[in-house]
Asks: 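Would you mind keeping the following structure in view while I ask a few things?
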Amino acid sequence: MTPNRLKAGFATKTAQTGLWLSLDAPAATEIAAGSGADWLLIDMEHSPTPLSNVGHHLRAAMAGPVEPVVRVPLAEPVMVKRLLDLGARSLMFPMIDSAEDAARVVSYTRYPPEGMRGVSMTTRANNYGRNPDYLARYTDDLCLIVQVETPQAIAAIPQIAAVPGVDAVFIGPADLSASMGHLGASGHPDVQALIDKGCALARGAGIPIGILGFGSDLARDYFSRGFDFVAVAGDSWLLARQLTAMVSALKD
């Protein structure tokens, strides 16, 4: 079985808990890696995290039995190539609306003739040239997650799931609610109904589905509704929430 813990968990249909990291603090990644979470999301889309720091986060994540996922800032080939060379083996792609979008990002992760990834023989991904099996086996450990964040994307889940190389889909409630005219209201009944529809479509297509659901109550609710992997908290969210609660309690 693949050593990619997240991908292995998908194969065994194990519910997996994740933490969302956007502070660009490798120490926070190291702390999160020891928390017991199954996966960590290193965010490059809505955070200051630059490419040059991703390697530090990946090393920090080695502090615990956890799978680091990197969310790319934009679904384009050069960034993907560089992240893969750095040793990122689980990637999340934002704003995938169709099977064609999904097939395109898969092609960024494959060497020719299956894709368009450029070849370098001395990278962190292949232990700086010390792993002679990398070119033959690298796809075993790749885990590609595509985000469905519009009604159009939700409807296309069965077609997206059929694209070879797509390992999971992930609903982004904030962008989904915004695209439905409910900006900042992901709890709106219409949004939640579409989230449930997306979950049902994914399960019907036989592909794992995840979602962002901060807080133990919301996370438990999403797991009970059939989601396979849930981001249950974020570093900046936890810091702001807990510090405010502590200071408020002391002032009261």
Side-chain angles (χ1 to χ4, degrees), residues 1-16 18 21 29-30 33 37-42 44 51-73 75-94 96 99 101-147 160-170 202 205-210 228-229:
M1 181 178 287
T2 173
N4 184 317
R5 294 177 179 88
L6 184 59
K7 191 172 183 178
F10 291 159
T12 58
K13 302 185 185 305
T14 302
Q16 299 185 85
L21 306 175
T29 300
E30 187 175 38
D38 300 296
W39 58 281
L40 308 176
L41 190 289
I42 301 163
M44 295 183 73
L51 178 70
S52 57
N53 278 3
V54 171
H56 299 313
H57 287 281
L58 294 175
R59 293 181 187 95
M62 295 172 69
V66 68
E67 182 63 31
V69 181
V70 180
R71 180 165 72 166
V72 302
E76 60 86 28
V78 175
M79 178 63 72
V80 171
K81 170 178 62 179
R82 299 180 76 184
L83 286 170
L84 292 172
D85 285 350
L86 267 174
R89 60 187 185 180
S90 296
L91 298 177
M92 183 180 288
F93 294 91
I96 301 300
D101 287 347
R104 186 178 67 254
V105 298
V106 170
S107 76
Y108 300 161
T109 71
R110 265 59 177 177
Y111 292 119
E114 289 79 18
M116 57 181 295
R117 179 183 175 188
V119 181
S120 175
M121 300 304 295
T122 310
T123 66
R124 183 174 182 269
N126 66 9
N127 194 20
Y128 305 99
R130 298 186 184 102
N131 180 0
D133 296 329
Y134 180 77
L135 293 179
R137 301 293 303 275
Y138 73 99
T139 58
D140 294 349
D141 295 331
L142 279 185
C143 183
L144 304 187
I145 305 163
V146 298
Q147 285 194 262
I160 291 171
V163 174
V166 173
D167 295 290
V169 295
F170 190 93
I207 192 167
I209 183 164
D228 300 288
F229 62 119

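This one's a predicted model, so the numbers in the text were calculated from it and none came from an experiment.
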Asks: For residues Ile96 and Ile160, report the shortest heavy-atom separation together with the two atoms involved.
Replies: O-CD1, 4.2 Å
Asks: Quick one: does NZ or CZ of Arg104 land under 6.0 Å from the six-membered ring centre of Phe93, within 45 degrees of the ring axis?
Replies: no
Asks: Could you tell me whether Arg89 and Glu67 have a side-chain N and a carboxylate O separated by less than 4.0 Å?
Replies: yes
Asks: Which heavy-atom pair separates Val169 from Ala202 by the least distance, and what is that distance?
Replies: CG2-CB, 4.1 Å
Asks: Measure across Asp38 and Ala15 and return the closest heavy-atom pair with its distance rounded to 0.1 Å.
Replies: OD2-O, 4.0 Å
Asks: With heavy-atom distances below 4.5 Å as the criterion, would you say the side chains of Val146 and Asp167 are in contact?
Replies: no
Asks: Applying side-chain contact (heavy atoms from CB on, under 4.5 Å) to Phe10 and Gln16, what does each step give before you reach the verdict?
Replies: CA-CA 9 Å; Phe10 291 159; Gln16 299 185 85; 3.6 Å; yes
Asks: Out of the candidates Asp133, Asp140, Asp141, only one should pair with Arg137 under the side chain to side chain donor-acceptor pair (under 3.5 Å) rule; please name it.
Replies: Asp140
Asks: Checking Glu30 side chain against Ala33 main chain: does a donor-acceptor pair fall under 3.5 Å?
Replies: no
Asks: Looking only at heavy atoms, which two atoms of Met44 and Val72 are closest? And how far apart?
Replies: CB-C, 4.4 Å
Asks: Which of these, Thr123, Val70, Leu51, sits in a side-chain contact (heavy atoms from CB on, under 4.5 Å) with Leu86?
Replies: Leu51
Asks: Grab the two heavy atoms, one from Pro94 and one from Arg71, that are nearest each other, plus how far apart they are.
Replies: CD-CG, 4.4 Å
Asks: Does any N or O in the side chain of Asn127 come within less than 3.5 Å of the main-chain N or O of Arg130, such that one atom is a donor and the other an acceptor?
Replies: no
Asks: Any chance CZ of Arg82 has more than 12 other-residue heavy atoms, nucleotides or ligands included, within less than 6.0 Å?
Replies: no
Asks: Between Tyr111 and Tyr138, what is the ring plane arrangement, given parallel below 30°, perpendicular above 60°, and tilted in between?
Replies: perpendicular
Asks: Between Leu135 and Asn126, is any pair of side-chain heavy atoms under 4.5 Å apart?
Replies: no
Asks: What's the shortest heavy-atom distance between Leu142 and Thr109, and which atoms?
Replies: CD1-O, 3.8 Å
